[in-house]
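Structure first, commentary second.
Here is how names work: the chains are called A, B, and so on, in the same order as the sequence lines, proteins then strands, and each is numbered from 1.
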There are 2 protein chains.
Amino acid sequence: MDYYDNLGYLINKAARMTKWDLNNALTDVGITSAQWGLIRDIFLTESICNNEAERLCKLTPAAIAERMHADRPTISCMVEKLVKQDFAYRVSNPNDRRSQIILLTDKAKVLIPKLMQLAEDTLEKATTGFSEEDTKQLKEYLSKVIENLM
Amino acid sequence: MDYYDNLGYLINKAARMTKWDLNNALTDVGITSAQWGLIRDIFLTESICNNEAERLCKLTPAAIAERMHADRPTISCMVEKLVKQDFAYRVSNPNDRRSQIILLTDKAKVLIPKLMQLAEDTLEKATTGFSEEDTKQLKEYLSKVIENLM
DNA sequence: TCCGTATAGTTAGTATACTAACTATACGGA
DNA sequence: TCCGTATAGTTAGTATACTAACTATACGGA
């Protein structure tokens, strides 16, 4: 019984290992790899928003969940944790009283370069010995697996 | 910002999708994909145990955790759930009063062929359009990622 | 203008995955 | 024989990921 011939096991294990490695790297900062992914999404989305209207529709929990292919309770709870840790804050949406805009605090923004680097380090470690073509091919394979299951 | 160019996201998403797809397929049986993985491990290990001594050392929660590269609290809790659902039962280890042997009930064993097929179906769906060489290559890439992070 | 349907976000619950710490037991060396 | 160290399994807590259901709000068509 060779676990390393079972694709389901391999995908799951690779996911756990990359999360585990990044969690370790992020311990000092006090966030998890999943939280980093959320911070990263909000940061990059803020960067490309050119005006208030874009921010109002692209930085709601629903929009973030959609972009990250995650479900809204998960994003809602994770945002709550970031707010509690003063990494993010909520602003009411003037156009929709149900909705709110999620923005990053300065405390989070100053950490972005370091967090980007830590995440990059984990992925570089994960792909040690891979050529650029290997990494590209792996991404294509995983994209196709995801597409097949959507 | 293209999520599909981020390897960490792709690995995580592929893992979630395969789990999600198999969870859906297993809903009627009343177990989760993670529980299936545990049942599968116990079943295959029982199959290759030739005598009582092998069973005594290969079917403890600690041995299962090691083989599945999981941690013992996780296995302990999942075994508890399988026991509660009458899919598994515990037998005391006569050689070590701390230890116990985990075995599958008949209720679980009769489901094995169907569960094997459902798991196989998910992986076949995940790799639709892949040649045998593609699947082999993907497994090699993932094995290397895991090895790099261990 | 009203109301049925849809949506945003949350709450509650469940299932894993993990860390830390605990109790009970085993073991090997002095 | 004793005891310090190690191990097996569990408990407690935290973090995600998910489903189901809820409240509040929005919207579009009659």
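Ranked by how close their nearest DNA chain C nucleotide is to the 5' end, A/Val79 and A/Asn12 are led by A/Val79. Each of B/Cys77 and A/Ser33 was matched to the nucleotide of DNA chain D holding its nearest heavy atom; the match closer to the 5' end belongs to B/Cys77. When the nearest nucleotides of DNA chain D are assigned to A/Arg97 and A/Gln35 by heavy-atom distance, the more 5′-ward of the two goes with A/Gln35. Nearest-nucleotide assignment on DNA chain C puts the 5′-proximal partner with A/Arg72, out of A/Arg72 and B/Pro73.
Distance from the side chain of B/Trp20 is smallest to D/dT19 among D/dT16, C/dA15, D/dT19. Nearest to the side-chain atoms of A/Asp96 among the listed nucleotides C/dT10, C/dA8, C/dC18 stands C/dA8. When distances are taken from the side chain of B/Ala34 to each of D/dT25, C/dT16, D/dC18, the shortest belongs to C/dT16. For B/Arg16, the listed nucleotide lying nearest its side chain is D/dA17; candidates were C/dA8, D/dA17, C/dA17. Ranking D/dT16, D/dG9, D/dT11 by closeness to the A/Thr32 side chain, first place goes to D/dT16.
Atoms CG (A/Asn95) and C1' (C/dT7) sit 15 Å apart, rounded to a whole Å. At whole-Å resolution of the value, CD1 in A/Ile75 and P in C/dT11 are 16 Å apart. To the nearest angstrom, P of C/dA17 lies 18 Å from CG of A/Asp21. Atom pair B/Leu56:CG and D/dT7:P shows a separation of 20 Å (rounding to whole Å applied). Distance A/Asn24 CG to C/dA17 P: 17 Å, rounded to the nearest Å. A straight line from NZ of A/Lys13 to P of C/dT16 spans 17 Å, rounded to a whole angstrom. Rounding to whole angstrom units, NZ of residue B/Lys58 and P of D/dA8 are separated by 16 Å. Distance CG (B/Asn93) to C1' (D/dT10): 17 Å, rounded to an integer number of Å.
Between A/Glu80 and A/Arg90 there is a salt bridge, with a side-chain nitrogen of the basic residue lying less than 4.0 Å from a carboxylate oxygen of the acidic one. Under 4.0 Å is where a charged nitrogen must lie from a carboxylate oxygen, and between A/Lys136 and A/Glu132 no such pair does.
Counting any heavy atom pair closer than 4.0 Å across all strands shown, B/Asp71 reaches a base atom. Within 4.0 Å of A/Gln100, counting heavy atoms only, lie sugar-phosphate atoms of the nucleic acid but no base atom.
Across all strands shown, the partner of D/dA30 is C/dT1, judged by Watson-Crick or G-U wobble contacts whose two distances both fall under 3.5 Å. If you check C/dT7 for Watson-Crick or wobble pairing at under 3.5 angstrom, you find it paired to D/dA24. The nucleotide D/dA17 finds its pairing partner in C/dT14, both defining distances of the Watson-Crick or G-U wobble pair being shorter than 3.5 Å.
Note that B/Lys109 lies outside the cation-pi zone of B/Phe43, set by a 6.0 Å cut-off to the ring centre and a 45° limit from the axis. A cation-pi arrangement is absent between A/Lys144 and B/Phe130 under the rule of less than 6.0 angstrom and at most 45 degrees off the ring axis.
Considering only side-chain N and O atoms, A/Thr60 lies nowhere under 4.0 angstrom from the phosphate OP1 or OP2 of C/dA8. The side chain of A/Ser99 contributes an N or O atom lying less than 4.0 Å from OP1 or OP2 of C/dG9.
A donor-acceptor pair under 3.5 Å links the side-chain atoms of A/Gln35 to the main chain of A/Thr32, judged by distance alone.
Side-chain contact annotation: A/Asn23 with A/Ser33, donor-acceptor N/O pair under 3.5 Å present.
Under 3.5 Å, the side chain of A/Arg98 and the base of C/dG9 form no donor-acceptor pair of N or O atoms.
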